[in-house]
Amino acid sequence: MTQEQYFPKEVKGSFNLRKPKGEKPSPIYFVVRICNSSLKI
């Protein structure tokens with residue numbers, strides 16, 4: 001496994017609703033973008 005170093009300008013995060021127009025409460029995902037790759041938590 002290779003370790004890489006990332007800088008704040010390369011990492012962006014946002015909160016998204018799974019079903020934003022749903023009538024019931026929806027789970028929230030935190031999406032992190034690192035160098036054009038995304039990870040949903």
Side-chain angles (χ1 to χ4, degrees):
M1 185 168 153
T2 307
Q3 291 186 350
E4 296 181 36
Q5 184 174 1
Y6 296 103
F7 296 95
K9 290 183 180 180
E10 299 170 339
V11 178
K12 295 183 181 182
S14 62
F15 290 96
N16 296 328
L17 293 173
R18 184 172 182 188
K19 295 182 182 179
K21 298 195 180 211
E23 294 180 12
K24 296 181 179 179
S26 175
I28 297 174
Y29 287 109
F30 183 67
V31 181
V32 179
R33 293 191 179 271
I34 302 172
C35 297
N36 298 325
S37 297
S38 64
L39 174 66
K40 292 181 182 177
I41 301 172

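Worth saying up front: this structure is predicted, and the values here are computed from it rather than measured.
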Tell me, please, which residues at least two apart from Leu39 pass side chain to side chain contact (heavy atoms under 4.5 Å, CB included). Ile41
Counterpart residues, side chain to side chain contact (heavy atoms under 4.5 Å, CB included), relative to Ser37 (two or more places apart): none
Reported CD1-to-CG distance for the pair Ile28 and Asn16, which is rounded to 0.5 angstrom: 9.5 Å
With sequence neighbours left out, the residues meeting ring pair (Phe, Tyr, Trp, His ring centres under 6.0 Å) with Phe30 are Phe15
Heavy-atom donor-acceptor pair, Ser26 side chain to Arg18 backbone, under 3.5 Å: yes
